[in-house]
Amino acid sequence: MKLADFIKSEDFKKEKHVPVIEAPESVKKNEPFHITVTVGKEIPHPNTTEHHIRWIQVFFQPDGDPYVYEIGKYEFNAHGESVQGPNTGAVYTEPMVTSKVKLNKSGTILALSYCNIHGLWESSKRIVVQE
């Protein structure tokens with residue numbers, strides 16, 4: 001078995017678990033820009049004690065490089081838990097993250113998300129770096 005056997009992908013407009021990557025199609029070399037990843041952008045994902053997105057991980061795969069580089073891992077730890085019971089808490093975290101990055105090579109942004117009930121989901125977006 002491989003971990004890849006358990007990672008699902010789908011059109012984010014049809015499936016609420018897919019991480020949606022928002023970033024420019026092209027950027028200037030070594031110029032900072034934002035990458036935003038959201039789960040449930042088109043179809044809201046539940047954010048309850050029982051059913052929630054636990055984390056999002058973002059990677060970069062440069063063209064021609066055999067390795068993938070982790071940009072960041074972002075945990076969402078508040079889902080309405082409380083000593084009074086499920087979904088009675090004072091705080092809920094939403095599965096969305098923005099990172100500011102610089103690239104010096106074209107490649108692909110990859111995002112992975114984890115739903116506590118429905119497992120691992122992925123998506124990707126290519127970015128061209130201009131001189």
Side-chain angles (χ1 to χ4, degrees):
M1 291 187 137
K2 296 179 185 176
L3 190 58
D5 297 335
F6 299 97
I7 299 174
K8 301 172 208 92
S9 184
E10 181 65 61
D11 180 351
F12 73 88
K13 292 180 180 177
K14 297 178 187 174
E15 172 55 58
K16 64 186 168 215
H17 292 94
V18 177
V20 178
I21 302 168
E22 296 175 273
E25 303 278 326
S26 66
V27 296
K28 291 188 179 177
K29 185 176 183 176
N30 293 320
E31 196 168 286
F33 68 97
H34 289 97
I35 298 169
T36 298
V37 180
T38 307
V39 176
K41 183 162 178 63
E42 293 287 324
I43 303 169
H45 187 280
N47 189 12
T48 64
T49 305
E50 302 83 10
H51 186 190
H52 55 267
I53 298 299
R54 184 136 325 146
W55 53 258
I56 294 173
Q57 240 176 324
V58 182
F59 302 90
F60 181 65
Q61 170 69 53
D63 289 350
D65 194 318
Y67 301 104
V68 174
Y69 299 91
E70 184 180 49
I71 292 173
K73 182 173 182 177
Y74 313 91
E75 293 185 12
F76 308 101
N77 295 317
H79 309 289
E81 300 89 346
S82 169
V83 294
Q84 284 80 33
N87 304 307
T88 60
V91 63
Y92 294 78
T93 50
E94 292 294 324
M96 188 276 293
V97 63
T98 299
S99 292
K100 190 173 186 178
V101 300
K102 298 189 286 188
L103 300 177
N104 60 22
K105 199 172 189 182
S106 297
T108 303
I109 301 293
L110 301 127
L112 187 63
S113 64
Y114 178 72
C115 172
N116 71 313
I117 293 177
H118 299 105
L120 296 165
W121 294 80
E122 70 177 352
S123 66
S124 63
K125 179 174 181 153
R126 177 144 174 77
I127 296 183
V128 175
V129 173
Q130 301 173 345
E131 294 291 325

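Just so it is clear, the values below take in all heavy atoms, side chains as well, and ignore hydrogens, waters and symmetry mates.
Here the straight-line distance linking atom NZ of K41 with atom CD of E22 works out to 4.0 Å at 0.5 Å rounding. Interatomic distance, E131 CD to N104 CG, rounded to the nearest 0.5 Å: 9.0 Å. Distance check, rounded to the nearest 0.5 Å: OG1 of T49 to NE2 of H79 gives 8.5 Å. Here the straight-line distance linking atom CD1 of I7 with atom CG of L120 works out to 5.5 Å at 0.5 Å rounding. Here the CZ-CD1 distance, from R54 to I117, works out to 10.0 Å after rounding to the nearest 0.5 Å.
The nearest pair of heavy atoms linking K100 to P32 is CE-CB, 3.5 Å. Taking every heavy atom of both residues into account, Y69 and D65 meet most closely at OH-OD2, 3.0 Å. Shown here for V68 and Q61, the closest heavy-atom pair between the two residues is CG2-OE1, 2.8 Å. Of all heavy-atom pairs between Q130 and S26, the closest is NE2-OG, 3.5 Å. Across P19 and A111, no two heavy atoms sit closer than the pair CG-O, 3.6 Å.
Hydrophobic clustering (ILVMFWY, side-chain heavy atoms < 4.5 Å, transitive): L3 and Y114 are in one cluster.
The aromatic rings of H45 and H17 lie perpendicular to each other, with more than 60° between the two planes, well past the 30° mark.
Using a 4.5 Å heavy-atom threshold, the side chains of T36 and M96 count as touching. The shortest side-chain heavy-atom distance between Q57 and F59 falls under the 4.5 Å cut-off. Put simply, the side chain of K125 reaches to within 4.5 Å of the side chain of E25, judged on heavy atoms. Looking at Y92 and H52, their side chains never come closer than 4.5 Å, going by heavy atoms from C-beta outward.
Formation of a donor-acceptor pair under 3.5 Å by the N47 side chain with backbone atoms of T93 is found in this model. Checking side-chain atoms of N116 against main-chain N and O of E50 turns up a donor-acceptor pair under 3.5 Å. The main-chain N or O of D63 is found under 3.5 Å from a side-chain atom of K105 such that the two form a donor-acceptor pair.
Residue-environment remark: NZ (K73) exceeds the threshold of 12 foreign heavy atoms within 6.0 Å. Atom NZ of K102 has 12 or fewer neighbouring heavy atoms from other residues, nucleotides or ligands inside a 6.0 Å radius.
Clustering of Ile, Leu, Val, Met, Phe, Trp and Tyr by side-chain heavy atoms under 4.5 Å joins Y74 with I21, V27, F33, I35, V37, V39, I53, I56, V58, F60, I71, F76, V97, V101, L103, I109, I127, V129.
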